[in-house]
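Here is the structure we will look at, set down as structure tokens.
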Amino acid sequence: MFDPALLREDPAGVETRLRSRGIDPSTELAELTRLDAERRRLIPIVETLKRESNEASAQVAIARREGRDPTPLFQANKERAQRIKEHEAELDAIEARRQALLLTLPNLPHQSVPVGASSADNVEVRRWGTPRTFDFAPKPHWEIGGALGILDFERAARMSGARFSVLSGAGARLARALINFMLDVHTTEHGYREVEPPFLVNTAALTGTGNLPKFEQDLFRIAGDWDLYLIPTAEVPLTNLHREEILDGRQLPLKYTAYTPCFRSEAGSYGADVRGLIRQHQFDKVELVKITTAEQSYDELESLVRNAESILERLGLPYRTVVLCTGDMGFAAAKTYDIEVWLPSGNSYREISSCSNTEAFQARRAQIRYKPAGGGRNQFAHTLNGSGLAVGRTLIAILENYQQADGSVIIPEALRPYMGGLERIA
RNA sequence: GGAGAGAUGGCCGAGCGGUCGAAGGCGGCGGUCUUGAAAACCGCAGUACCGGAAACGGUACCGGGGGUUCGAAUCCCUCUCUCUCCGCCA
């Protein structure tokens, strides 16, 4: 959630920034303002009563110690206790409603984010590599993989349904090679700590990252008497690694990377990307997460994007990087860069990584704070996340960009050590 | 799945229902001493919210929630988690 204090200090600014996302928050903001006033009216009332109650109880103790009969003091206290109870019930209801509202509002876009309504308004900031020109008609990856016998949707559908796939042989090896390659680069060259987190997480964790309460329909929930969901991304467990902790500011930034499978229901995207590996219910991803300070977080976002881009450069895959406009950003993000890889089959760039600074949005939900290195009040950390990269889509990009006229696929050199020296899938 | 034990401040660990936000120890910070350091000694030190420009004042927090009571870290109920033993299992 954004800082609720902002709503008191600059309500118009908050509304403008939320509106730039293409939503109308006016009723929510009006209610929040009303609840805030109510809350601050009630708190002093309750606290004064409690103070009186505490003082009165102390009088009982004194009376008893001095051998006097304390029973005359009881009645007034009893009545006061009743009033406290009533006011507290009212306050609790207000606080619960306020929290619920705050959890449903998206983050405030950063000033540097271009204002826009849709992906058409995203702004390209970089482009690397030159798309290859083919002297034959390049095929889509599902045809290439099918012909090579390394990618199978039919058998996956029989056991799991649509949007699942089976990789086998060199295809499975390629996925594993990509995972290992990415993890090795990020851990040994970019300074991330490798983590193997749980793949099932609870409601609190998903609320921390912003997936809940609003987007439950995107998640797979475990049946039975469990409060568990399959993770939609390693961002969830990695960001929650330090939930409810107060970190030492001198140790920031913390940088984590993890390979995990990711599970998404893809509800509402029935018509989109039905063919191939692009949009699956289960996919592999190597994720990058940073926990840092307000001062550093935008520099850390730039370096995180560069860390992800370097994977594509080492694999020789052309890409471009865009900054998402206000209307295209995810719920938790204050600023997002998407990295898009070139896919010959679609003759277009396609998202392969999304790197966001959520500022304190997730930290406030997950209670991740730090003691500033220079002293002073505890601060909410800034959390960042990015794909580094989506393994399935990287595999697609390799199949399509490195396909040969005879149907074989050349393995990029950087991956060959991870493929037992294999140079070509044929 | 069965049986039992526990959850207190950064950590360890006390705590008869009434000056307990909580003894003591360790760790941390500041100081005295020292050429410097260590040791010793003295002092400061939790989090959130409300009010306040601030100093500061107030309230809450002893795993979560509820109850008993004038008053709960202490009593009762419940949930969660951790540990031990048995069974099962990669």
Side-chain angles (χ1 to χ4, degrees), chain A residues 1-9 32-103 196-208 212 222 224-229 237 240-252 254 261 291 360 362-381:
Chain A
M1 65 184 76
F2 57 79
D3 184 356
L6 273 179
L7 207 49
R8 218 177 302 152
E9 295 159 11
L32 276 172
T33 302
R34 188 175 61 72
L35 290 170
D36 184 57
E38 266 303 282
R39 178 172 174 270
R40 290 197 298 155
R41 180 182 71 81
L42 283 167
I43 285 173
I45 294 173
V46 169
E47 290 192 351
T48 302
L49 285 170
K50 283 187 174 175
R51 178 186 179 179
E52 290 168 4
S53 173
N54 288 342
E55 286 165 356
S57 289
Q59 288 307 310
V60 172
I62 290 167
R64 189 158 278 167
R65 204 176 308 134
E66 294 174 349
R68 286 182 283 115
D69 177 14
T71 46
L73 295 165
F74 289 178
Q75 190 55 36
N77 282 356
K78 206 160 187 168
E79 285 165 11
R80 184 161 34 225
Q82 186 56 34
R83 274 193 290 153
I84 290 173
K85 210 168 180 176
E86 286 163 9
H87 280 116
E88 272 196 324
E90 197 182 346
L91 190 57
D92 286 350
I94 285 166
E95 188 57 40
R97 175 67 184 148
R98 178 168 169 268
Q99 284 300 319
L101 270 175
L102 284 168
L103 287 175
E196 185 180 296
F199 301 162
L200 294 171
V201 294
N202 60 26
T203 298
L206 286 156
T207 304
L212 291 177
I222 301 303
D225 193 19
W226 297 99
D227 173 28
L228 287 173
Y229 299 78
N240 278 284
L241 230 33
H242 295 290
R243 77 174 357 259
E244 290 163 54
E245 289 184 23
I246 300 173
L247 303 163
D248 181 348
R250 291 170 297 190
Q251 291 171 352
L252 301 180
L254 298 172
I291 299 175
Q362 293 179 324
R364 195 170 278 111
R365 288 167 161 251
Q367 293 292 305
I368 305 167
R369 290 169 288 177
Y370 68 95
K371 288 195 180 300
R377 286 179 61 78
N378 294 340
Q379 303 288 322
F380 284 112

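All values below come from the heavy atoms of this structure, side chains included, with hydrogens, waters and symmetry mates left out.
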Calculate the interatomic distance between [X] atom [atom1] and [N] atom [atom2]; express it in whole Å.
{"X": "A/Gln82", "N": "B/G71", "atom1": "CD", "atom2": "C1'", "result": "16 Å"}
{"X": "A/Asn54", "N": "B/G58", "atom1": "CG", "atom2": "P", "result": "11 Å"}
{"X": "A/Glu95", "N": "B/A48", "atom1": "CD", "atom2": "P", "result": "15 Å"}
{"X": "A/Glu47", "N": "B/C61", "atom1": "CD", "atom2": "C1'", "result": "13 Å"}
{"X": "A/Ile84", "N": "B/A60", "atom1": "CD1", "atom2": "P", "result": "9 Å"}

Write down the atom of [X], the atom of [Y], and the distance for their closest heavy-atom approach.
{"X": "A/Ile368", "Y": "A/His242", "answer": "CG1-O, 3.4 Å"}
{"X": "A/Phe380", "Y": "A/Tyr370", "answer": "O-CE2, 3.5 Å"}
{"X": "A/Pro237", "Y": "A/Pro197", "answer": "CB-CB, 3.5 Å"}

If you define the side chain from C-beta out and look only at heavy atoms, does anything of [X] sit under 4.5 Å from [Y]?
{"X": "A/Asn240", "Y": "A/Val201", "result": "no"}
{"X": "A/Trp226", "Y": "A/Leu200", "result": "no"}
{"X": "A/Leu7", "Y": "A/Asp36", "result": "no"}

B/G51 phosphate, OP1 or OP2, under 4.0 Å from A/Arg40 side-chain N/O =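 So the side-chain polar atoms of A/Arg40 do come within 4.0 Å of the phosphate oxygens OP1 or OP2 of B/G51, strictly under.
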
Residue pair A/Phe74/A/Arg98 against RNA chain B: nearer the 5' end by closest nucleotide is A/Arg98

Given RNA chain B, 5'-ward residue of the pair A/Ala58 and A/Lys78, judged by closest heavy atom =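 It is A/Ala58, whose closest nucleotide lies nearer the 5' terminus.
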
From the list [options], which nucleotide is the closest neighbour of the side chain of [X]?
{"X": "A/Asn77", "options": "B/G18, B/C50, B/C70", "answer": "B/C70"}
{"X": "A/Ile43", "options": "B/C49, B/C70, B/A60", "answer": "B/C49"}
{"X": "A/Ser57", "options": "B/C49, B/U68, B/G71", "answer": "B/G71"}
{"X": "A/Arg8", "options": "B/G71, B/C50, B/G18", "answer": "B/C50"}

Hey, is CD on A/Glu196 packed in by over 12 heavy atoms from elsewhere, all under 6.0 Å? no

Given Watson-Crick and G-U pairs under 3.5 Å, RNA chain B in dot-bracket ([ ] crossing, | other strand) is ((((((((.[[[..)..(.....]]].(((((.......))))).((((((....)))))).[[[[[..)....]]]]])))))))....

Separation between CD1 (A/Ile84) and CD1 (A/Ile45), nearest 0.5 Å, reads 12.0 Å

Expected rows: protein N/O vs nucleotides 43-47 of chain B N/O, under 3.5 Å:
from	atom 1	to	atom 2	distance (Å)
B/U47	OP1	A/Lys371	NZ	2.7
B/U47	OP1	A/Asn378	ND2	3.2
B/U47	O3'	A/Arg369	NH1	3.1

**Message:** Evaluate A/Glu55 against A/Arg51 for salt bridge (Lys or Arg N to Asp or Glu O under 4.0 Å), listing each step before the verdict.
**Reply:** CA-CA 6 Å; A/Glu55 286 165 356; A/Arg51 178 186 179 179; 3.6 Å; yes

